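The next block holds one structure in the form of structure tokens; read it before the comments.
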Protein chains: 2
Amino acid sequence: MKHQITIKDIANKLGLSTSTVSRALKDHPDISPKTRTAVKELAGLLGYRPNRIALNLRNNSTRTIGLIIPEIEHYFFSAIINGIEEVAYKNDYSVMVFQSNESYKREVINTQAVLTNRVDGVLVSFSKETRDFSHFQRLIDNEIPVVFFDRVTDELQADQVVADDYQGAFLAVNHLIEKGCKQIAHFAAPQSLAIGRSRLSGYHDALLKHNIPYNPAQVVLADTFETAKKAAHEILRKPNHPDGFFAVNDMSAIAIIKAAFELGIKVPGEIKVVGFENSKSSALIEPELTSVDQFGFDLGREACLLLLKRLKDVDDSSDFKPVKKVIKTRLVVRGTS
Amino acid sequence: MKHQITIKDIANKLGLSTSTVSRALKDHPDISPKTRTAVKELAGLLGYRPNRIALNLRNNSTRTIGLIIPEIEHYFFSAIINGIEEVAYKNDYSVMVFQSNESYKREVINTQAVLTNRVDGVLVSFSKETRDFSHFQRLIDNEIPVVFFDRVTDELQADQVVADDYQGAFLAVNHLIEKGCKQIAHFAAPQSLAIGRSRLSGYHDALLKHNIPYNPAQVVLADTFETAKKAAHEILRKPNHPDGFFAVNDMSAIAIIKAAFELGIKVPGEIKVVGFENSKSSALIEPELTSVDQFGFDLGREACLLLLKRLKDVDDSSDFKPVKKVIKTRLVVRGTS
DNA sequence: AAAACAAGCGCAATCGGTTGAAATTTTTAA
DNA sequence: TTAAAAATTTCAACCGATTGCGCTTGTTTT
């Protein structure tokens, strides 16, 4: 890198001290209007830009937030990043992205990385593997504000922003029942994740509301395209297969539809399917997928706003009360139900 | 943030100077083994972590790379980020993400942001709006290495990493012809983008190879789902519509298929469609989309590797020769052709 | 005319770590 | 025993910007 213009360069050329230049640049009243304009003029001429690193050191703040996320290549998460980046941008923060790739080990390394990078705060959605949260506790111990989103835990004293998974699941299953489904299967996420538990719970309660007995055999763990496709094939091959499917995400839902197509089963004629995410893909397939919109962009926005609020209220050490923000979900009815 | 353990804390507790502690921590031969172990032990005990910001200031380097990208919510770009992050991670770099949202104005601000954040290098894929590249020239003037990927320009003396768009387009159109298409339309990207020009050129040359006359009327500007859907409807409603479609990206291709479906036109029976991107979605729709894989992950990897190489060879000021790296594409044949 | 005051600017410390050179202590050789 | 050599350790400057405090000036008040 080329030599950057510093305050010292300006001071030398003008025969002033660096302190005067510094003050002149920020309109300090001690400085006479004459020197003030002279300094500013030269600064503009030389293309002076304050060295953020020096300020970072002095202020012990980087105006950067760390983002730890399972994987970017997933519509929901990229929508969230979008929301986060939007808020960060408007507040003059930068975002550093770290992917865990659903690996616990990598996630631990990521938490170290955000520490060494001295980010001001961290936004986290942890991996499917993560059972132990002590690496996040380490961040909190260092008094770095942490906000969890989507994948959250109550084991830590930290803010959370989540979609209303229970409500979304309830709406979805209720919808299937109202559309005439008698036997509804649920393709679930790992129960170690709160989203897995909440969505199962919504599924459960919607059944009960309509006096349909809950049958654990109708719940299978399948939250990826591959696992869901395999599971759907097995289930749909049986004679008395379910006539309704509620999948924990759109990929699983689409896998079910694919499997049905391959087996010559009509959607929504013979089986109906509802997904969760309202991803771009849901509107691309034919028939289009009914899905629960979890407003990833808004979720990202809210998470980032909450974090920025924490960063402002620095003196939160004593009376810290974790906040849990819930983003309402909405059922988008399309062709598969 | 809590008080972080500094080198000074260790020095005080051990009755040493900060310089000794600093050297001890990095196994400098001047320091006796005794003090060396003592320092390291205490450092481990206190959980000392070197303050990256202080090092940044001293070394005038942040071990951070800036990434300016149109939008994350796009499979191709998130695949690229994935590749970039992978390489950055392995080389102990962090990635700062800035989205332009296809806005020139925002992109200019982004270039300022990477400057103030003093990133070591920048990876750029510019917006569709961008015609003037002087904001990138400003980065180069500041001797910040810049590598362009996917959306590139020859107007700047900078490295480029692109998919072999010409080859991919040629393969796609050649494939359509071999499958029996007589009249092939092309849904193109803006000709201000090199990818737009290259893909059109590949389309053109593939036609010529088979002695099919090139007809400009068969080329429409439609590189989003919405515009493509509309254009496809218009075209397919006409009596003598084309029997083959080569779209500049998967979204456009899928839009064509959707339009065909809505008009009761069979794919691949009556018309055949080939996309470009090989996105996740291409394997989700029915029939599955034939598409040109442009290996986004590898493209990201290569771009990042190239940038890191430039960062190593700092003394490149005089004999700088821009490198253009081309990533081969591959036609993935599926159901729509 | 002397004291009080204000305006305008510079000194020096600070943030945390690194590093060439100097200073100190220890070891070795004469 | 003492000087020279070697082994350790400390000093001080530096990276770039900020800021409390003090130092000059010149002006006002009594």
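Chain naming here is simple, since letters A, B, ... match the order of the sequence lines and numbering starts at 1 in each. As the structure is a computational prediction, the values presented were derived from the model and not from experiment.
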Inset, instruction - Establish, with yes or no, whether the OP1 or OP2 oxygen of D:dT9 is under 4.0 angstrom from a side-chain nitrogen or oxygen of B:Thr35. - result: yes
Legend entry - Whole angstrom value for the distance that separates P of C:dG16 from CG of B:Leu25: 16 Å
Inset, instruction - Assess the side chains of B:Ser103 and B:Ser100: does a donor N or O sit below 3.5 Å from an acceptor N or O? - result: no
Inset, instruction - Taking only the side-chain heavy atoms of B:Leu16 (C-beta and beyond), determine which of C:dG16, D:dT10, D:dG20 contains the nearest atom. - result: D:dT10
Legend entry - Donor-acceptor pair (no angle test) under 3.5 Å: B:Arg23 side chain, D:dT10 base: yes
Legend entry - Polar pair under 3.5 Å, donor/acceptor by atom type, side chain B:Thr6, base C:dC15: no
Inset, instruction - Using a 4.0 Å heavy-atom cut-off across all strands, classify B:Thr20 as base, sugar-phosphate, or nothing. - result: base
Legend entry - Out of D:dA17, C:dG17, C:dG8, whichever nucleotide has its closest atom nearest the side chain of A:Asn51: D:dA17
Inset, instruction - Tell me whether the centres of the aromatic rings in A:Phe98 and B:Tyr89 are closer together than 6.0 Å. - result: no
Inset, instruction - Could you tell me the separation between the CZ atom of A:Arg52 and the C1' atom of D:dT18, rounded to a whole number of Å? - result: 16 Å
Inset, instruction - Would you kindly give the CD1-to-C1' distance between A:Ile31 and D:dT18, to the nearest whole Å? - result: 13 Å
Legend entry - Phosphate OP1/OP2 of D:dT9 contacted by B:Ser32 side-chain N/O (<4.0 Å): yes
Legend entry - Given A:Thr64, A:Thr62, A:Asn56, A:Asn60, the one that forms side chain to side chain donor-acceptor pair (under 3.5 Å) with A:Asp120: A:Thr62
Inset, instruction - Find the distance B:Asp27:CG to D:dT8:P and express it as a whole number of Å. - result: 14 Å
Inset, instruction - Determine: side-chain N/O of A:Lys26 to OP1/OP2 of D:dA17, distance under 4.0 Å, yes or no. - result: no
Inset, instruction - Just compare C:dC9, D:dT10, D:dT8 and give me whichever is closest to any side-chain atom of B:Asp30. - result: D:dT8
Inset, instruction - Quickly work out the B:His28 NE2 to D:dT10 C1' distance and round it to whole Å. - result: 14 Å
Inset, instruction - Establish, with yes or no, whether the OP1 or OP2 oxygen of C:dC15 is under 4.0 angstrom from a side-chain nitrogen or oxygen of B:Lys8. - result: yes
Legend entry - Interatomic distance where CG belongs to B:Leu57 and P belongs to D:dC14 [whole Å]: 14 Å
Inset, instruction - Hey, which sits more toward the 5' end of DNA chain C by its nearest nucleotide, B:Ser22 or A:Thr18? - result: A:Thr18
Legend entry - Side-chain H-bond candidate by donor/acceptor type, B:Ser32 with B:Thr35, under 3.5 Å: yes
Inset, instruction - Nearest whole angstrom, please: distance from the P of D:dT18 to the CD1 of A:Ile10. - result: 11 Å
Inset, instruction - Figure out the CG/P separation between A:Asn60 and C:dG16, and round it to whole Å. - result: 6 Å
Legend entry - Nearest heavy atoms of A:Thr20 and A:Ile31, plus distance in Å: CG2-CD1, 3.8 Å
Legend entry - Residue mapping more 5' on DNA chain D - nearest nucleotide basis, B:Arg36 or A:Ile5: B:Arg36
Inset, instruction - On the 0 to 90° scale, with breaks at 30° and 60°, tag the A:Phe148-A:Phe136 ring pair as parallel, tilted or perpendicular. - result: perpendicular
Inset, instruction - Indicate whether OP1 or OP2 belonging to C:dG10 is found under 4.0 Å from a side-chain N or O atom of A:Ser17. - result: yes
Inset, instruction - May I ask you to say what B:Ile7 touches in the nucleic acid, namely base, sugar-phosphate or nothing, with a heavy-atom cut-off under 4.0 Å? - result: sugar-phosphate
